[in-house]
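Structure record follows, encoded as structure tokens.
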Amino acid sequence: MSNLIRNCWYVAGWSTDFSRTPEQRWLLGEPIVLYRRTDGGIVALEDRCAHRMAPLSAGRVEDDAIRCMYHGLKFGSDGRCMEIPGQELIPDRACVRRYPVVEKNSWVWVWMGDPSLADDSRIANSKALDDPSWILKTGHLDYEANYELINDNLLDLTHLTYVHAGSFGADEAWSRNRPKIETLDNGIRSSRWIINSPPIPPLGKAAQHERVDIWTSFDFIMPGTFLLYTAMYAAGTARLCGEGEPGAEHEILFNNFTSQAVVPLSEQTSRYYFSWGPGAAFGTEADAQIMIDVAKSAFLEDKVMIEAQQRIINANPQVRPMPTSADKAITIFQRMMKAQDVARDAPVFERA
Ligand code: FES
């Protein structure tokens, strides 16, 4: 049975990916064509011509409409057919589905479910790439795996010790201590100190310290947005804070932020978008480049593990996982997703 949830906003790409040239994207196994109208707004339509199912993404944008370049049917940005060459009558069923679409913080989000439920206040608060407080670099990676395995990977960072010992240089503390998990309206928050650790990354003023205390806190928002803030302080700061959230009176040596979005392209293929970089007050463009290069090699380590895990699962899908105490965030998040599925996931296919 599919675990893909329709009534959610999904990232279709970076704002810069879309122009007057049509682009094809797949979400939840459906082909979607995206392009910009003359006023710069984004259009997201079913990428399947109503005539004989040719992809509209192979077509031509004309003003705000798109023309299928197989036999020339032209569809408006509302999905309705405006013209059938050589035929006056345009049947009611000559239309394609139109998806609600929103640009927010440098990502383009498409709502895949019931259009009447598309509330853009539910979109995660990621950081825009031009946010002056941060220096952010970007990337993306495609997976041959179900998106929930990538969600699970991000919800439990104990794997840093083992999967990323070489790339991130994470020590044993990442696997041995447990974060505080809080439930949010639309996801979970996981926060903790990594005490007396090598600085990760060893950049900015943190590079002058052999050991630091690292405050790390992430929000994981349904259906798959990971927003991680990390800040390094002189060793001993965690104790001064009573191991709670650090206040402004403590000097930050280096900090960084990453926004990441896990997107199900289909049941067993996923795309992973990410930005990462230092706070503008603590790092430089060169630091940002080092960080994104390290992150890209670390994320390839995740991909190798997760795709191998998917192949093992596929061989015997009835075998169930055996959770440990490190899986608390995964368990809570999966429960929230299941409730979301039941409460909001009416089967909807509404044409324009
Ligand atoms: Fe599009 Fe024929 S398939 S016009």
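In listed order, ligands and their atoms are each counted from 1. Not measured: the values here are computed from a predicted model.
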Looking at Glu285 and Lys137, does any basic side-chain N land under 4.0 Å from a carboxylate oxygen? yes
Within 2.8 Å of atom 1 (Fe) of ligand 1, is there any N, O or S atom belonging to Cys68?
yes
* Has Cys49 got an N, O or S atom lying less than 2.8 Å from atom 2 (Fe) of ligand 1? -> no
So the atoms of ligand 1 within less than 4.0 Å of a heavy atom of Gly72 turn out to be 4 (S)
Heavy-atom closest pair (Trp14 atom, Phe274 atom, distance to 0.1 Å) is CZ2-O, 3.4 Å
For Arg52, the ligand 1 atoms with a heavy-atom partner under 4.0 Å come out as 3 (S)
Once the angle between the rings of His250 and Tyr233 is folded into 0 to 90°, is it parallel (under 30°), tilted (30 to 60°) or perpendicular (over 60°)?
-> perpendicular
Less than 6.0 Å separating the ring centroids of Tyr272 and Phe299? yes
*Below 6.0 angstrom between ring centroids: does that apply to Phe218 and Phe226?*
yes
* Does any N, O or S atom in His51 come within less than 2.8 Å of atom 2 (Fe) of ligand 1? -> yes
Among non-hydrogen protein atoms, atom 4 (S) of ligand 1 lies closest to His71 N, 3.2 Å
Ligand 1 atoms nearer than 4.0 angstrom to some heavy atom of Tyr70 are 3 (S)
Note: ligand 1 atoms sitting under 4.0 Å from heavy atoms of Ala54 are 3 (S)
Which of Glu301, His164, Met305 passes side-chain contact (heavy atoms from CB on, under 4.5 Å) with His159? Answer is His164
